[in-house]
Amino acid sequence: METKLIKVNPEKPDLGSIRIAAGVIRAGGLVAFPTETVYGLGANALDEDAARKIYNAKNRPQDNPLIVHISSHKEVEGLVRNMPPEARILMERFWPGPLTLVLEKSNKVPYSTTGGLDTVAVRMPRHPVALALIKESGVPIAAPSANISGRPSPTTAEDVYEDMAGKVDVILDGGPCEVGVESTVLDLTGDVPVILRPGGVTREELEEAVGRVELDAGLLPGQKPKSPGQKYRHYSPKAPMLVVEGPVEAQIKKISEVAERLSVEGKKVGIMATAQTRMYYKTGYVISVGDRNAPLTISANLFSVLRKFDRMGVDQILAEGIPETGLGLAVMNRLRKAAGYNIIKLE
Ligand code: TXA
Ligand code: MG
């Protein structure tokens, strides 16, 4: 298959380009497109065969359900069996935006989209290109992140091309993604809302809107996750990775020691540092992922830094931890999983 790369203006996408991509979706094909979180790999969510193509292109396990993307609040009605009151409050407050709601699915949604579950994950993204594509297609779009399963999620069209060339019909290039980590997946089918995957909308913001919100026990290492996608090794760069957590000074000391030792052994070491710490490292290839005082700069660059280390061919990645407040919860979830839970916790 030949993959067509189409550049689009991220703020004001040209309708001609959107129409080409929408035609592909309607014909049952695959279109990669930018959202405010990461690039998605889209297909008609109501077409079983199209949804199946997504699994093949990504090499994704069949039991890992897809998020259904819509372009207006009212489209959710046809996809779900009932709407709990918190769902309405959260939609009003956070849609369009990086929040995915898990609700009981209607018969309209095929099991191939939900990985055999009776629930469906729905999200209305806020990226103008995503919204225009969904609207012009006239159908809801199922879209996982547009990476090969297990790899870091793509935040640029180049990242998508690296993983998906020859496997998708069209890639819409709308430049880099703003948030850089995926949407928050919130389960609303129980008594209390439960975060299945931390993401772009923070736990603090959710609690301000609807009161108590729990974290799925599966988010702790060693537990069995409820969200099927959380149980696989994920977001992983090619090189082994170690995350060092604890007080910043202790992190710098530990990472420096490990980097020193590995360099002596002739290993190429990549250090994921921050704006505040990068100047303290004397060995290794140091990249600042962002500013500790502005977590959005960190989330925005996280996956692209992992991919950068891959392209550089480093033998080991050493990464600093950040506090788990606000967006830090999603950042640390991705970092720990990327490292396969290879973590040093310092006092
Ligand atoms: O930001 C995002 O959410 C991006 C962009 C493209 O919108 N999409 C994305 O999709 O991250 P994906 O497939 O990479 O991750 C979807 C997550 C998985 O962890 C999956 O298991 C979970 O959502 N999920 C989907 N449907 C679910 C359901 N019915 N119940 C529980 N978890 C579900
Ligand atoms: Mg993904």
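When a ligand or atom number is given, it counts from 1 through the structure's own listing order. The figures here come from the full heavy-atom set of this structure, side chains too, leaving out hydrogens, waters and symmetry mates. Numbering of residues begins at 1 and proceeds along the displayed sequence.
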Mode of [X] contact toward ligand 1 - side chain, backbone, both, neither (heavy atoms, under 4.0 Å):
| X | value |
| --- | --- |
| N64 | side chain |
| L196 | side chain |
| H127 | neither |
| P144 | both |
| T119 | both |

Check ion pair E257-R261 (N to O, under 4.0 angstrom): no

Presence of N, O or S from S145 under 2.8 Å of the Mg ion (ligand 2): yes

Report yes if some N/O of S145 lies less than 3.5 Å from some N/O of ligand 1; otherwise report no. yes

Does any N or O of ligand 1 fall below 3.5 Å from an N or O anywhere on Y39, backbone included?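 Among all N and O atoms of Y39, none is under 3.5 Å from an N or O of ligand 1.
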
Can you list the ligand 1 atoms lying under 4.0 Å from a non-hydrogen atom of A143?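 Those of ligand 1 that fall under 4.0 Å from A143 are 6 (C), 8 (N), 10 (O).
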
Minimum heavy-atom separation for I70 to I134, with atom names?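 Smallest interatomic distance, heavy atoms only, reads O-CD1, 3.6 Å.
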
Is it true that E75 and S71 share a donor-acceptor pair across their side chains at a distance under 3.5 Å? yes

Check for me whether K105 meets the cation-pi criterion with Y111, that is, NZ or CZ under 6.0 Å from the six-membered ring centre and within 45 degrees of the ring axis. yes

Counting heavy atoms not belonging to D191, are there more than 12 under 6.0 Å from its CG?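 Count not over threshold, so no.
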
Test item, K105 contacting ligand 1 (heavy atom, 4.0 angstrom):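 Contact absent.
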
